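These figures come from a predicted structure and were not determined experimentally.
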Amino acid sequence: HSSVDPKEMKKFQLLAHKWWDEEGDYSALHSMNDIRVPFIRDTLLNMSSNYHLGSPLSGIKILDVGCGGGLLSEPLGRLGASVTGIDPLEDNIRTAEQHKSFDPVLAKRIQYKASSLEEIVEESMETFDVIVASEVVEHVADLEMFIKCCSQVLKPEGSLFITTINKTQLSYILGIVVAEKIVGIVPEGTHEWEKFVPPEELQRLLESHGFSVQAVNGMLYNPLTGSWSWMESTSINYAMHAVKSGAEGRSSPTESLSEMESEQRSATAGTSV
Ligand SMILES: C[S@@+](CC[C@H](N)C(=O)[O-])C[C@H]1O[C@@H](n2cnc3c(N)ncnc32)[C@H](O)[C@@H]1O
């Protein structure tokens with residue numbers, strides 16, 4: 001049993017050498033970096049008190065699941081993160097490795113592996129600070145297993161970022177009819193509407209695996225300008241940020257500290273009365 005759908009792999013195989021053509025089949029993923037990279041970066045910076053000038057994500061271990069040719073792994077690596085990019089398709093990983101070699105800064109920051117998520121679970125239990133799965137969950141064969149594996153490889157209080165497509169009439173018209181059949185933003189057959197994921201369903205799945213959803217933001221692609229922007233409505237594309245709950249039965253170090261402090265304070269208050 002696997003989260004990998006062989007039919008999907010066949011589709012991605014045909015495009016495995018096209019990842020870095022900015023005007024080609026993956027152009028919308030290239031321009032999505034303009035909003036998804038700041039979303040991930042700023043969310044993480046807002047949650048952290050450490051700031052490393054020039055490489056703000058330094059010290060953060062990110063797993064980029066379904067990394068494809070490394071379109072998102074590379075900018076995250078340049079921001080200082082230590083990135084592991086995995087993808088079940090070997091030719092995608094080959095393309096990602098080759099492109100990474102053009103920038104010496106990335107040599108030590110990114111490692112790629114041809115693998116599914118479930119294959120690395122055993123060796124990577126609670127290993128990563130952050131997981132990104134961008135435009136992936138609408139292609140997996142078993143979403144529940146995928147989310148469970150995300151929870152297993154993420155450290156307690158780690159962050160999960162997902163971008164995907166909602167399952168609405170509008171997403172059918174824009175995401176399949178317009179994008180694939182009329183304008184040709186992505187090749188025909190890239191998406192199956194049945195596999196699109198409503199944010200409510202994703203949230204329910206995440207919550208049942210120990211996550212709490214922190215943000216759900218709608219995203220809009222403008223095919224005329226080839227650019228993405230945020231919007232309130234999540235009826236087409238959306239980005240979700242969820243945080244895994246702290247270690248079971250234990251409070252987080254900061255919580256225990258403040259608990260101890262307040263116990264001490266009440267003890268002191270008690271003696272002074
Ligand atoms: C639309 S691409 C997105 C690539 C990359 N995340 C990006 O945004 O540039 C989807 C990727 O997910 C991968 N994929 C499909 N099913 C997967 C699964 N079950 N587990 C991990 N990756 C998967 C595909 O091989 C493909 O590279």
Side-chain angles (χ1 to χ4, degrees), residues 3-4 12 19 26 28-48 55-89 92-93 96 99-100 106 109-118 120-121 124 126-140 143 146-155 157-165 197 199 202-203 205-206 209 211-217 219 228 230 237-244:
S3 76
V4 182
F12 286 111
W19 286 102
Y26 288 123
L29 287 180
H30 279 273
S31 60
M32 194 188 280
N33 276 359
D34 293 346
I35 63 168
R36 63 183 171 175
V37 174
F39 176 61
I40 296 168
R41 180 199 61 201
D42 297 346
T43 304
L44 294 175
L45 290 182
N46 281 334
M47 292 169 75
S48 150
S55 48
L57 301 188
S58 157
I60 299 183
K61 281 180 84 169
I62 299 183
L63 177 68
D64 183 5
V65 188
C67 63
L71 267 49
L72 186 50
S73 300
E74 287 204 9
L76 294 174
R78 285 193 194 95
L79 287 169
S82 157
V83 182
T84 301
I86 61 167
D87 199 286
L89 205 63
N92 283 349
I93 293 300
H99 199 270
K100 176 186 115 168
L106 300 177
R109 299 222 183 127
I110 303 181
Q111 52 162 339
Y112 289 117
K113 191 175 177 180
S115 173
S116 69
L117 180 55
E118 54 273 17
I120 65 154
V121 165
S124 312
E126 301 198 342
T127 298
F128 297 98
D129 302 297
V130 174
I131 298 178
V132 298
S134 190
E135 306 303 299
V136 175
V137 296
E138 67 274 25
H139 300 285
V140 307
L143 184 56
F146 185 87
I147 298 294
K148 186 178 170 201
C149 293
C150 284
S151 168
Q152 287 172 316
V153 301
L154 197 57
K155 289 181 189 169
E157 291 172 44
S159 279
L160 171 63
F161 295 91
I162 289 176
T163 71
T164 189
I165 314 181
V197 189
L202 189 55
Q203 177 157 1
L205 262 179
L206 287 167
H209 286 90
F211 286 94
S212 76
V213 172
Q214 308 290 308
V216 190
N217 299 334
M219 298 159 73
W228 289 87
W230 295 112
N237 295 77
Y238 63 94
M240 192 176 273
H241 170 226
V243 170
K244 182 179 162 180

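Here Ser159 pairs with His241 under the side-chain hydrogen bond (donor to acceptor under 3.5 Å, both in side chains) rule; sequence neighbours left out.
Note that the CG atom of Leu202 and the CD atom of Glu138 stand 10.5 Å from one another [nearest 0.5 Å]. Rounding to the nearest 0.5 Å places CZ of Arg109 at 9.5 Å from CZ of Arg78. Note: Asn46 CG to Arg41 CZ = 10.5 Å, rounded to the nearest 0.5 Å. How far CG of Asn92 is from CD1 of Ile86: 12.5 Å, rounded to the nearest 0.5 Å. Expressed to the nearest 0.5 Å, how far CG of Leu154 lies from CD of Glu126 amounts to 8.5 Å. Note that OG of Ser124 and NZ of Lys113 are 7.0 Å apart. Values are rounded to the nearest 0.5 Å.
Leu63 places a side-chain heavy atom less than 4.5 Å from the side chain of Leu117. The shortest distance between side-chain heavy atoms of Arg36 and Leu29 falls below 4.5 Å. With a 4.5 Å cut-off on side-chain heavy atoms, Ile147 and Ile162 count as touching. Using a 4.5 Å heavy-atom cutoff, the side chains of Gln214 and Thr43 are not in contact. You'll find the side chain of Ile131 reaches within 4.5 Å of the side chain of Val153, heavy atoms only. Looking at Tyr238 and Val197, their side chains come closer than 4.5 Å, going by heavy atoms from C-beta outward. Two residues are said to be in side-chain contact when any heavy atoms from C-beta on lie closer than 4.5 Å; Ser134 and Met32 meet this criterion. Using a 4.5 Å heavy-atom threshold, the side chains of Phe146 and Leu205 count as separate.
Scanning both residues, Ala133 and Val136, for their nearest heavy atoms gives C-CG2, 4.2 Å. Shown here for Gly68 and Ala96, the closest heavy-atom pair between the two residues is O-CB, 3.8 Å. In plain terms, the two heavy atoms of Pro56 and Leu45 that are nearest each other are O-CD2, 3.7 Å. For the residue pair Ser73 and Tyr112, the shortest heavy atom distance occurs at CB-OH, 3.5 Å. Here the closest non-hydrogen pair linking Cys67 and Gly85 is SG-C, 3.6 Å.
Listed for the Glu118 side chain is no donor-acceptor partner under 3.5 Å among the backbone atoms of Cys149. Between the side chain of Lys244 and the main chain of Ser151, a donor-acceptor pair closer than 3.5 Å is present. Panel note: side chain Asp87, backbone Ile93; no donor-acceptor pair is recorded below 3.5 Å. Side-chain atoms of Asn33 come within 3.5 Å of backbone atoms of Leu71 as a donor-acceptor pair (strictly under, hydrogens ignored).
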Next item on the list: Please test Met219 against Trp230 for side chain to side chain contact (heavy atoms under 4.5 Å, CB included), starting from the C-alpha separation and ending with a verdict.
Entry: CA-CA 5 Å; Met219 298 159 73; Trp230 295 112; 3.4 Å; yes
Next item on the list: Could you walk me through whether Lys155 and Asp129 pass the salt bridge (charged side-chain N to carboxylate O under 4.0 Å, His left out) test, one step at a time?
Entry: CA-CA 6 Å; Lys155 289 181 189 169; Asp129 302 297; 3.0 Å; yes
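A parallel orientation is assigned to the rings of Tyr26 and Trp19, their planes being inclined by less than 30° (bins at 30° and 60°).
Exactly one of Ile165, Thr163, Asn217 qualifies for a side chain to side chain contact (heavy atoms under 4.5 Å, CB included) with Asn237. That residue is Ile165. No option in Thr84, Ile62, Val83 other than Val83 meets the side chain to side chain contact (heavy atoms under 4.5 Å, CB included) test with Ile110.
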